[in-house]
Amino acid sequence: MLINTVILMLRDALPIALLMSFLLLAFRLQRKTLVVLLLSTAITTALLVLLRNSVSDTFDGAGYEWLTVALLLIAYLFALLSLDFRAYRGTAIIAAVPVISLHLADFMLYLFAFGSHSERLPGILVGSVLGSGISLSLAMLLVVLLSPYRTTLAMKSLWVLFMAAQASGAIPLLQQTGVIDESAVLWDSSVIISDASEYGHLLKALLGYESQPDLPYLLTWLTLVVLGQCMVLRHHFLLRSSPEGASS
């Protein structure tokens, strides 16, 4: 139970910690904006948890998967709209809320399922602390490494790459619903970096890493990354050619 909890915390807490690092670094959120983010996340998470069973009964039992896919795509689209870090903090909040809420809802359901067993509770608590500590440590490391680049082209590229990694998680869900057929694994790099390792979870959250990707996942990831980087470059050169960008 301890190991399972640590793994789940890395899966769910690490993307949240990294996302908060991006928000604090690139968008420099003020206290008022942070309060809006926390309230929006709390409401969305509560709705996801409370309505999960009802939503799951729709679309032939795949309602929650479809809802998750929709939220991930919304998050990615608003991440593209938030590329002007100074002007579009609101769109960054809209991009962040679905990602945070989905991960929180998944972990809360795990707690509800196993936390009621008193003999498992100590392992869950210790695992949660360990997983949270690892996630926060990696997020703080990211902050230290990226602090010199706050609003530069590199930061925008990494922000969009991170959100593309999150949105790519829609493909396994669509395969579960049967909309996309599963295909053969293209390669296996688990010998080098396993998905279950700390580095694997970090690369998964930050870059969308899969040790055994199939063709639909790879094509979707490439499409989202290329589209995102094209938007970053377009925004960058438009900003530089504008009078305000030239004067700054």
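With Ser197 contributing its side chain and Ile193 its backbone, the two residues share no donor-acceptor pair below 3.5 Å. A donor-acceptor distance shorter than 3.5 angstrom exists from the side chain of Ser21 to the backbone of Ala17, with no hydrogens or angles considered. Side-chain atoms of Gln212 do not come within 3.5 Å of backbone N or O of Trp187 as any donor-acceptor pair.
Atom CG of Leu218 sits about 9.0 Å away from atom OG1 of Thr223, to the nearest 0.5 Å. Remark: Leu23 CG to Arg89 CZ distance equals 11.0 Å, nearest 0.5 Å. In this structure, CG on Leu158 lies 9.0 Å from CD on Gln229, to the nearest 0.5 angstrom. Put simply, CD on Glu210 and OG on Ser190 are 11.5 Å apart, with the number rounded to the nearest 0.5 Å. With rounding to the nearest 0.5 angstrom, the CZ atom of Phe162 is 5.0 Å from the CG atom of Leu19. With rounding to the nearest 0.5 Å, the separation of OG1 in Thr44 from CD1 in Ile100 is 10.0 Å.
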All N/O donor-acceptor pairs, side-chain side in residues 165-186, below 3.5 Å, sequence neighbours left out:
residue	atom	partner	partner atom	Å
Gln166	OE1	His103	NE2	3.4
Gln166	NE2	Ala205	O	2.9
Ser168	OG	Ala164	O	2.8
Gln175	NE2	Asp214	OD2	2.8
Thr177	OG1	Leu174	O	2.8
Ser183	OG	Leu215	N	3.3

Listed pairs under 3.5 Å, donor-acceptor, residues 130-143 side chains, sequence neighbours left out:
residue	atom	partner	partner atom	Å
Ser132	OG	Ser128	O	2.7
Ser135	OG	Leu14	N	3.4
Ser135	OG	Gly131	O	2.9
Ser137	OG	Gly133	O	2.7

Could you give the side-chain donor-acceptor pairs of residues 30-37 under 3.5 Å, partners two or more places apart or in another chain?
residue	atom	partner	partner atom	Å
Gln30	NE2	Arg28	O	3.2

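Both Val160 and Leu24 are part of a single hydrophobic cluster, where members link through side-chain heavy atoms under 4.5 Å apart. Linking ILVMFWY side-chain heavy atoms closer than 4.5 Å, directly or via other members, places Leu83 and Val99 in a single hydrophobic cluster. Under the 4.5 Å side-chain heavy-atom criterion for ILVMFWY residues, no single connected hydrophobic cluster contains both Ile74 and Leu102. No continuous path of ILVMFWY side-chain contacts below 4.5 Å connects Met108 to Val55, so the two sit in separate hydrophobic clusters. When the side chains of ILVMFWY residues are joined at heavy-atom separations under 4.5 Å, either directly or via intervening members, Ile16 and Ile94 end up in two distinct hydrophobic clusters.
Side-chain contact between Met155 and Leu25: present, with at least one pair of heavy atoms (C-beta onward) separated by less than 4.5 Å. No side-chain heavy atom of Ile93 sits under 4.5 Å from any side-chain heavy atom of Phe27. Here the side chains of Leu48 and Leu67 are in contact, with some heavy-atom distance below 4.5 Å. Looking at Phe237 and Val232, their side chains never come closer than 4.5 Å, going by heavy atoms from C-beta outward.
For an aromatic pair to be called close, the ring centres must be under 6.0 Å apart, and Tyr209 with Trp221 fails this.
Other residues, nucleotides and ligands contribute over 12 non-hydrogen atoms within 6.0 Å of the CZ atom of Phe107. For CG of Leu145, the number of neighbouring non-hydrogen atoms (other residues, nucleotides, ligands) closer than 6.0 Å is greater than 12.
Contacts classified as salt bridge (Lys or Arg N to Asp or Glu O under 4.0 Å) and involving residues 91-110 (residues at least two apart or in different chains) are given here: Arg52-Asp106. Identified under the salt bridge (Lys or Arg N to Asp or Glu O under 4.0 Å) test for residues 187-197, with sequence neighbours left out: none. Residue pairs meeting the side chain to side chain donor-acceptor pair (under 3.5 Å) criterion with at least one partner in residues 65-77, sequence neighbours excluded, are absent.
Taking all atoms of both residues into account, the shortest heavy-atom contact from Tyr217 to Gly208 is OH-O, 2.6 Å. Between Ser56 and Tyr64, the shortest heavy-atom distance links the atoms OG-CB, 3.4 Å.
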